[in-house]
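Model, not experiment: these values are computed from the prediction. Each ligand, and each atom within it, is numbered from 1 in the order the structure gives. Only this structure's heavy atoms are used, side chains among them; waters, hydrogens and symmetry mates stay out. The first residue of the sequence shown is numbered 1, and numbering continues consecutively from there.
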Amino acid sequence: MTLLDARQLVVKKIDELKERVNKLKTKPSLVIIRVGEDFASGKYVANKIRKCEEVGIESKIIHLEESVKQESVEKIILDLNKDENVTGVLLQLPIPKHLDEDYLTNLIKDEKDVDGFTIGNMGRLSLGLEGNIACTPRGIITLLKEFSVDIEGKDVLIINRSNIVGKPLAQLFLKENATVTIAHSKTKNLKEKILMSDIVVSAVGRANFLKSEDFSPNTTIVDVSINFNEEGKMCGDVAKTDYEILLNEKQCNLTPVPNGVGQMTVIELIEQTIEIAEKKESR
Ligand code: GUN
């Protein structure tokens with residue numbers, strides 16, 4: 001049916017976000033804390049900074065060395081929480097094992113938590129209250145709505161139970177009146193569940209994990225993973241060789257990798273930063 005390519009939407013969104021920034025009295029500012037030299041994190045952070053520049057919001061990376069002490073990171077976060085000139089704070093994950101990821105993530109003030117990862121913001125989402133929402137789940141719902149994919153009353157299967165993707169996404173689908181199942185490594189009869197679902201979201205992290213025969217006709221497939229195949233090419237969980245059959249024979253909707261969900265995550269991050277700034281100015 002349709003390749004849910006995010007590129008056009010990203011162009012449209014960037015224009016809209018630029019206009020919203022122009023209407024603000026003070027430019028929003030995003031601070032990204034990166035610890036160590038994780039290669040993928042370096043790429044993601046660079047992409048976030050590039051998009052901030054495109055939209056016209058201030059951004060800064062605080063790049064800390066791998067061996068940084070817990071107390072030092074704590075102090076940096078607490079100072080950013082207090083800084084009136086900082087709109088949003090993001091601790092890029094993963095961080096080195098000697099640091100307490102849960103504690104540090106939750107130390108960010110709820111209002112400045114652009115990732116929507118704090119206990120306060122995750123709690124608000126679960127209770128159906130307003131708050132900051134994890135950007136990848138937000139981006140998935142935006143992308144599906146952009147392509148007019150019906151969600152209400154649909155059977156949604158999410159193959160991922162992480163705090164960043166699976167759990168917040170389940171809440172967002174519930175809010176849209178879908179019936180939601182979360183699958184994980186211990187789930188029984190996964191193949192049957194996939195065949196029975198209207199929308200399948202996969203964030204497993206394994207190239208070629210899903211093939212065309214796994215899906216029923218007309219399924220909407222959301223591929224969240226960013227993997228690299230044997231040739232070093234970026235791919236998702238769905239086998240690239242099967243895109244053609246899925247789209248043309250099985251009449252499925254499919255988010256491609258690259259140019260699918262990954263593009264949306266950054267846009268939602270920027271939008272959420274702008275939303276925080278807008279709320280602050282309207283108070
Ligand atoms: N690492 C992978 N995805 C994310 C994300 O959305 N936010 C942060 N902070 N770290 C990540």
Side-chain angles (χ1 to χ4, degrees), residues 6 10 29-52 57 59-64 66 68 73-74 76-77 80-81 86-97 99-122 125 131-143 158 160-172 201-206 222-228 234 236-237 255 257-258 260-273 275-276:
V10 167
S29 84
L30 174 67
V31 177
I32 300 177
I33 305 167
R34 181 183 169 210
V35 187
E37 301 303 325
D38 182 80
F39 179 76
S41 288
K43 292 227 163 207
Y44 297 149
V45 168
N47 192 26
K48 288 171 185 177
I49 297 286
R50 202 175 325 119
K51 284 283 185 310
C52 283
I57 75 177
S59 60
K60 183 174 137 186
I61 305 176
I62 299 180
H63 192 174
L64 305 169
E66 187 86 22
V68 69
V73 189
E74 285 179 19
I76 289 168
I77 292 174
L80 292 168
N81 282 348
V86 172
T87 313
V89 178
L90 182 161
L91 176 64
Q92 184 67 30
L93 304 177
I95 54 176
K97 292 272 177 288
L99 299 171
D100 187 339
E101 184 172 301
D102 291 337
Y103 182 81
L104 290 172
T105 297
N106 195 52
L107 201 58
I108 299 170
K109 197 175 169 182
D110 286 347
E111 186 193 307
K112 296 194 180 190
D113 165 36
V114 274
D115 263 326
F117 289 171
T118 62
I119 294 169
N121 281 321
M122 289 286 278
L125 180 63
N132 295 334
I133 300 170
C135 299
T136 300
R138 255 181 79 133
I140 290 169
I141 301 293
T142 305
L143 192 57
I158 303 169
N160 181 287
R161 59 172 153 181
S162 71
N163 294 338
I164 298 182
V165 178
K167 288 179 201 162
L169 182 59
Q171 296 296 345
L172 291 181
V201 180
S202 183
V204 171
R206 233 186 295 161
V222 179
D223 194 342
V224 185
S225 293
I226 296 177
N227 310 309
F228 292 91
M234 190 191 281
D237 292 340
T255 68
V257 179
V261 173
Q263 296 252 343
M264 295 306 299
T265 300
V266 193
I267 289 297
E268 297 291 342
L269 174 73
I270 310 278
E271 181 158 16
Q272 192 141 256
T273 309
E275 280 169 12
I276 297 169

Between Asp110 and Asn132, is a side-chain hydrogen bond (donor to acceptor under 3.5 Å, both in side chains) present by the stated rule, with each step listed? CA-CA 8 Å; Asp110 286 347; Asn132 295 334; over 6 Å; no

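Here the rule is side chain to side chain contact (heavy atoms under 4.5 Å, CB included) with Leu80, and of Leu107, Ile62, Ile108 only Ile62 fits it.
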Under 3.5 Å: N or O atoms of ligand 1 paired with protein N or O:
from: ligand 1; atom 1: 1 (N); to: Gln92; atom 2: NE2; distance (Å): 3.4
from: ligand 1; atom 1: 1 (N); to: Leu93; atom 2: O; distance (Å): 2.9
from: ligand 1; atom 1: 7 (N); to: Asp115; atom 2: OD1; distance (Å): 3.1
from: ligand 1; atom 1: 7 (N); to: Asp115; atom 2: OD2; distance (Å): 3.3
from: ligand 1; atom 1: 9 (N); to: Leu91; atom 2: O; distance (Å): 2.8
from: ligand 1; atom 1: 9 (N); to: Asp115; atom 2: OD2; distance (Å): 2.6
from: ligand 1; atom 1: 10 (N); to: Leu93; atom 2: N; distance (Å): 3.0

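For Thr87 (side chain) and Ser29 (main-chain N/O), a donor-acceptor pair under 3.5 Å exists by modelled atom type. Without hydrogens or angle criteria, Thr273 side chain to Leu269 main chain gives a donor-acceptor distance under 3.5 Å. For Asp223 (side chain) and Asp237 (main-chain N/O), a donor-acceptor pair under 3.5 Å exists by modelled atom type.
In this structure Pro96 satisfies the side chain to side chain contact (heavy atoms under 4.5 Å, CB included) test together with Val35, Glu66, His98, Leu99, sequence neighbours excluded.
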